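The structure appears right after this line, and notes come after that.
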Amino acid sequence: MRATSLLRLLLICFYLLSIHTFAAAGVGDKLEKGQNLTDGDTLVSAGGSFTLGFFSPGASTKRYLGIWFSVSNGTAVCWVANRDQPLVDKSGMLVLNDLGSLVLLDGSRRTVWSSDFSGGASAVVAQLLVSGNLVVHNGSSDASLWQSFDHPSDTLLPDMKLGKNRWTGAEWQLTSWRSADDPAPGDYRRTLETEGLPELVVWRGNVKTYRTGPWNGLYFNGVPEVSAYAGKYPLRATTSPWETTYGYTAAPGAPLTRVVVNHTGKAERWEWDASSWAWTRIFQGPRDPCDEYGRCGPFGLCDPEAASSGFYGCVEGFSFSSPPATTPPAQEVKGTTCRRHAALDCAGGTTTDGFAVVRGVKLPDTQNASVDMGVTLEECRARCFANCSCLAYAAADIRGGGDGSGCVMWTDAIVDLRLVDMGQNLYLRLSKSELDDHKKFPVLLVAIPLASIVIILLVVFAIWWRRKHTIIGAIPQSHAMVNYMQC
Ligand SMILES: *[C@@H]1O[C@H](CO)[C@@H](O)[C@H](O)[C@H]1NC(C)=O
Ligand SMILES: *[C@@H]1O[C@H](CO)[C@@H](O)[C@H](O)[C@H]1NC(C)=O
Ligand SMILES: *[C@@H]1O[C@H](CO)[C@@H](O)[C@H](O)[C@H]1NC(C)=O
Ligand SMILES: *[C@@H]1O[C@H](CO)[C@@H](O)[C@H](O)[C@H]1NC(C)=O
Ligand SMILES: *[C@@H]1O[C@H](CO)[C@@H](O)[C@H](O)[C@H]1NC(C)=O
Ligand SMILES: *[C@@H]1O[C@H](CO)[C@@H](O)[C@H](O)[C@H]1NC(C)=O
């Protein structure tokens with residue numbers, strides 16, 4: 001116990017000392033026009049959280065220019081300049097050239113990477129800001145002419161953005177490394193879906209592999225566990241005519257944090273734990289088989305508790321066209337589709353359809369859904385009811401509590417639906433007959449007590465009748481016979 005505390009203290013001292021040494025050696029956070037940064041030199045942000053310099057990842061001997069968290073030298077790289085143009089030796093040099101571009105030169109002074117931007121005469125300094133953002137600016141204002149936050153690698157830091165600038169068309173996304181030793185762009189990307197409601201999507205090539213579920217005003221609907229740390233790292237999604245973006249901030253005093261899309265396609269949030277002097281993973285997605293995109297196919301409903309059925313299921317009113325084997329390969333079941341039991345009845349403005357509630361779900365992919373934040377859920381229902389192409393609807397914003405407000409309407413297949421803790425309700429259009437079937441249960445609830453009362457009354461009547469009959473029974477049979485014949 002004592003030994004570890006001592007070690008920790010030593011590490012902290014070493015860390016503080018190293019920052020001090022950088023400062024003493026005249027290494028600051030700026031590279032001015034005409035100056036150069038060679039392998040072994042670093043820039044350190046004010047306060048010391050971030051370091052920019054040359055490094056070799058993992059077992060690789062190649063050299064890259066990057067920015068990392070100073071506390072975990074080499075293991076938490078958050079930005080890399082020359083991702084797929086590695087330097088083979090330590091002769092690299094970073095320069096802010098006369099044209100106002102940041103350029104990385106190799107040993108024979110060829111450009112291997114540049115900031116693809118020329119700030120001209122106004123670009124006088126490159127500075128590593130407290131946030132970990134490397135900016136080129138004019139020396140008197142931090143306002144950037146170019147910034148590394150506009151060119152994310154695999155890591156989202158506080159104050160960065162994912163999404164789309166609707167004016168310039170610029171898009172911010174994360175791209176995984178190829179492997180733990182190779183920062184070249186890998187197979188996975190993480191983007192913000194900007195059609196429908198904002199939602200984070202992990203892609204492998206052009207195939208979606210994981211969604212967080214749509215933004216519900218507070219968090220992404222399929223990841224309610226972020227509520228546990230949303231106080232430390234407030235999340236925000238912005239939808240305006242200028243941008244659709246997502247980002248987060250760090251509250252004052254919150255531990256260092258980073259969100260990474262890993263080379264295996266996992267989205268992870270890490271937090272620096274100063275007491276154990278290590279990074280702790282506080283979120284990872286996909287979490288379970290049901291997070292696999294579209295696992296149960298259109299109109300499927302994945303149940304993370306239903307391991308015995310391979311987690312496969314369909315929403316109410318649908319069933320598998322051929323029942324899936326107990327644990328079929330995912331591809332196989334993607335071919336077996338959920339089929340609707342009874343056709344919808346909606347045409348020419350009249351319908352007999354109704355809605356079933358699918359409770360507690362991560363809402364389906366909203367890519368092709370239509371969204372209106374300005375209506376109530378009742379108006380949403382009325383709109384969906386009146387429009388024969390509307391197959392389901394749900395609230396778009398849960399901030400007001402209750403059933404929520406706003407309106408998302410799905411007109412094509414319901415894709416990637418799963419059960420999730422603290423999930424939302426999806427209102428699914430079904431044929432009247434399906435909904436009538438559904439009402440058998442309440443009907444029985446009413447019928448059973450009613451039948452019991454009738455039976456009791458009958459018994460009472462029978463007893464009464466029997467008593468009366470015994471008296472009548474005293475009458476000679478022939479008399480009764482005559483009575484009968486008279487009738
Ligand atoms: C890099 O900068 C140092 C001092 O700032 C200077 O002596 C050296 O000549 C520069 N190297 C190149 C290749 O410009
Ligand atoms: C920290 O980074 C520097 C510069 O890349 C490197 O020389 C040093 O070996 C690293 N230290 C550790 C402990 O990884
Ligand atoms: C630097 O840019 C800011 C705004 O971006 C401007 O107000 C300021 O005058 C500029 N300073 C110089 C020296 O160009
Ligand atoms: C990537 O994710 C896998 C699976 O969770 C994990 O084992 C691995 O440590 C992660 N790799 C990195 C570089 O974080
Ligand atoms: C949205 O529509 C496009 C084009 O028709 C289609 O390729 C895509 O699969 C649809 N997305 C969803 C989630 O249904
Ligand atoms: C029904 O909804 C679709 C999709 O939102 C829309 O394109 C269409 O105009 C709507 N039809 C009517 C009659 O409102």
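Quick caveat, the model's predicted, so the values are computed rather than measured. Both counts, for ligands and for their atoms, begin at 1 and track the order of listing.
Y248 and R258 get closest at one heavy-atom pair: OH-CA, 3.7 Å. Here the closest heavy-atom approach between residue A394 and residue L363 is recorded as CB-CD2, 3.9 Å.
Between Y246 and F220, the distance separating the two ring centers is shorter than 6.0 angstrom. A distance below 6.0 Å separates the ring centres of F50 and F69.
For ligand 3, the protein residues placed under 4.0 Å by at least one non-hydrogen atom are N138, S140, S141, A143.
Taking a cut-off of under 4.0 Å to the non-hydrogen atoms of D365, the atoms of ligand 5 that pass are 13 (C). Residue S370 approaches ligand 6 through these ligand atoms, each under 4.0 Å from one of its heavy atoms: 5 (O). In the vicinity of S389, heavy-atom distances shorter than 4.0 Å reach the ligand 6 atoms 1 (C), 2 (O), 3 (C). Atom numbering of ligand 6 starts at 1 in the shown order; those under 4.0 Å from a heavy atom of T411 are 4 (C).
Within the 4.0 Å heavy-atom shell around ligand 6 one does not find C390.
In this structure the side chain of Y293 reaches within 4.5 angstrom of the side chain of V415, judged on heavy atoms. You'll find the side chain of N165 reaches within 4.5 Å of the side chain of W172, heavy atoms only.
Here the options are R211, K164, K208, the test is salt bridge (Lys or Arg N to Asp or Glu O under 4.0 Å), and the partner is E193; only K208 passes.
At a cut-off of 3.5 Å, with distance as the only test, a side-chain donor of S431 or S433 sits close to an acceptor on the other residue.
For ligand 6, the polar-atom distance check finds an N/O of N387 within less than 3.5 Å of one of the ligand's N/O atoms. Here's the thing with Q367: one of its N/O atoms is less than 3.5 angstrom from an N/O atom of ligand 5.
Between L430 atom CG and D353 atom CG the span is 8.0 Å, to the nearest 0.5 Å.
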